[in-house]
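Computed from a predicted structure; not experimentally measured. All values below were derived from every heavy atom in this structure, side-chain atoms included, with hydrogens, water molecules and symmetry-related copies excluded. In what follows, every chain begins at residue 1, and chains take the letters A, B, ... in the order their sequences are listed.
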Number of protein chains: 2
Amino acid sequence: MVRMSAEERRESVIRAATAEFGRGGYHGTSTEAIAKRVGVSQPYLFRLFPGKKAIFLAAAERCVEDTIRTFAEASAGLEGEEALHAMADAYTEVITERPEQLMMQMQMYVAVAAAEQEGDHEFGEAVRAGWMRLWDTVHLPLGADVNETTTFLAYGMLVNCLAGMGFPPEHRVWEGLYPSARLKGRLER
Amino acid sequence: MVRMSAEERRESVIRAATAEFGRGGYHGTSTEAIAKRVGVSQPYLFRLFPGKKAIFLAAAERCVEDTIRTFAEASAGLEGEEALHAMADAYTEVITERPEQLMMQMQMYVAVAAAEQEGDHEFGEAVRAGWMRLWDTVHLPLGADVNETTTFLAYGMLVNCLAGMGFPPEHRVWEGLYPSARLKGRLER
DNA sequence: GGAGTAAGTTAGTACTCAATCACTAACTAA
DNA sequence: TTAGTTAGTGATTGAGTACTAACTTACTCC
């Protein structure tokens, strides 16, 4: 048994929760599954977090932060086509290296509808606010062009969905989507 | 009590399931909720369908078919910019008039990951096959241009996600996304 | 009008899962 | 060394839920 500080454990829980919730969504994931992945007893999760919802929320928030940071770091000091290229590449890396983060994102978007209907508007507010921060983060490097920003995010969403659906990398749906190929298309026009 | 033929009831169940699954996803929706919406006892669902999974699958399949039909009908006899415009308008109508269909779509995409991990590759196959049919359906009217098709679908996915997140129609995230505005942007370039 | 069938219900079972409680083991500072 | 704190566990509970079995009610056709 490895003892950790509560703060460190909370970090592990967030990582485990991202993976588990990303796979099964809020309702499709048991707290036991998260606990098992962390390597800790299930009841202990309720010492570290007030409840299952709080764990989901923490994972969701972390997920948004990470994505924003990814784009911010990738585009630092760049603008226009260069920033676009850098951010697209960075995102491609996230997809391949940390697919659980992207699935968690999808689950988060999808969980809003249910929360909203249950009268929990706070969660929706948080998710929308996170999205707007993400929006602004990519907006500036892309030359503050609304159409450019929207297109970039749209491609990102398509990538999320295709990856979620489990299309293998060689599949033709990815044609015209991989950043390099897409940029190639843009430059040839 | 209104008696219906089993076939009619199955139709009602599919409609109700689309709404309920669209809101809560597979695990977040109880068969009782579906039964209540249909106006029938919960165990009776298991006469009409072999199990909960079968209901989800039926709703998912119907959802894909409807979306494909929407695009096929909208683009009938048109091509290029006109087809693009018509399909985008038709989709906008779906979003506003039948949001449950769009949420069901999202839930379907997201459910694949879980199914895949549980060893159920059939579901993933079905969803991917549905996507490819959708892809081909919009591909032809858009002049069989891969980049054009990808972009169109990407915008569709962004719309799905934004709607799922519950952004109100006036919100600035929709700028540069509503078909007319977008087309305007395209024509001004 | 009664036999057969198709539509539908009530009652119940086996199981999962979030959350609580009461407890123990390890670290730390005086 | 000991008093107090922090990390962690095992047992349990109560609510919810997919699914089954046995029964009932309405329609239809001879």
Distance in angstrom units between [X] [atom1] and [N] [atom2], rounded:
| X | N | atom1 | atom2 | answer |
| --- | --- | --- | --- | --- |
| A:Phe46 | D:dA7 | CZ | P | 18 Å |
| A:Phe49 | D:dG8 | CZ | P | 13 Å |
| B:Leu45 | C:dA7 | CG | P | 14 Å |
| A:Glu32 | C:dA18 | CD | C1' | 11 Å |
| A:Glu20 | C:dA18 | CD | C1' | 16 Å |
| B:Ile34 | D:dA18 | CD1 | P | 8 Å |
| A:Lys36 | C:dC17 | NZ | C1' | 12 Å |
| B:Tyr26 | D:dT17 | OH | P | 13 Å |

message: Set out, in order, the CA-CA distance, both residues' side-chain angles and the distance that settles ring-ring contact (aromatic ring centres under 6.0 Å, His included) for B:Phe123 and B:Tyr26, then state yes or no.
response: CA-CA 13 Å; B:Phe123 181 62; B:Tyr26 180 76; 8.7 Å; no
- prompt: Any donor-acceptor pair under 3.5 Å linking the side chain of A:Trp174 with the backbone of A:Pro168?
  reply: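 Yes; judged by distance alone, with no hydrogens or angles, the pair exists.
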- prompt: Do side-chain atoms of B:Arg9 reach the backbone of B:Met4 as a donor and acceptor pair under 3.5 angstrom?
  reply: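 No; judged by distance alone, with no hydrogens or angles, the pair does not exist.
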- prompt: Who passes ring pair (Phe, Tyr, Trp, His ring centres under 6.0 Å) against A:Phe46, sequence neighbours left out?
  reply: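 Partners of A:Phe46 by the ring pair (Phe, Tyr, Trp, His ring centres under 6.0 Å) criterion come out as none, since no residue qualifies.
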Which protein N or O atoms sit under 3.5 Å from an N or O of nucleotides 8-10 of chain C?
unit_1 : atom_1 : unit_2  : atom_2 : d
C:dG8  : OP1    : B:Val2  : O      : 3.2
C:dG8  : OP1    : B:Met4  : N      : 3.1
C:dG8  : OP1    : B:Arg9  : NE     : 3.3
C:dG8  : OP1    : B:Arg9  : NH2    : 3.1
C:dG8  : OP2    : B:Arg9  : NE     : 3.3
C:dG8  : OP2    : B:Tyr44 : OH     : 3.1
C:dG8  : O6     : B:Arg47 : NH1    : 2.6
C:dG8  : O6     : B:Arg47 : NH2    : 3.3
C:dT9  : OP2    : B:Ser41 : N      : 2.8
C:dT9  : OP2    : B:Ser41 : OG     : 2.7

query: Quick one: do B:Met157 and A:Phe167 end up in the same hydrophobic cluster if we chain Ile, Leu, Val, Met, Phe, Trp and Tyr together by side-chain heavy atoms under 4.5 Å apart?
result: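 Yes, one cluster joins them.
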- prompt: Does A:Thr31 have a side-chain nitrogen or oxygen under 4.0 Å from the phosphate oxygens OP1 or OP2 of C:dA18?
  reply: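 Affirmative; the distance criterion is met.
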- prompt: side chain to side chain contact (heavy atoms under 4.5 Å, CB included) between A:Arg62 and A:Glu11: does it pass, once the steps are laid out?
  reply: CA-CA 10 Å; A:Arg62 173 63 53 90; A:Glu11 279 306 306; 2.8 Å; yes
query: Considering the terminal five base pairs at each end of the helix from C:dG1-D:dC30 to C:dA30-D:dT1, what angle separates the two local helix axes, rounded to 10°?
result: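 Inter-axis angle at the termini of the helix from C:dG1-D:dC30 to C:dA30-D:dT1: 10°.
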field: Exceeds 12 heavy-atom contacts within 6.0 angstrom, atom CD of A:Glu32
entry: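 Atom CD in A:Glu32 is not packed in, count stays at 12 or less.
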message: Is any side-chain heavy atom of A:Val94 closer than 4.5 Å to one of A:Thr67?
response: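 SC-SC contact between A:Thr67 and A:Val94 ruled out.
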query: Quick one: do A:Arg69 and A:Asp66 make a salt bridge, cutoff under 4.0 Å?
result: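 Looking at A:Arg69 and A:Asp66, the cut-off is met.
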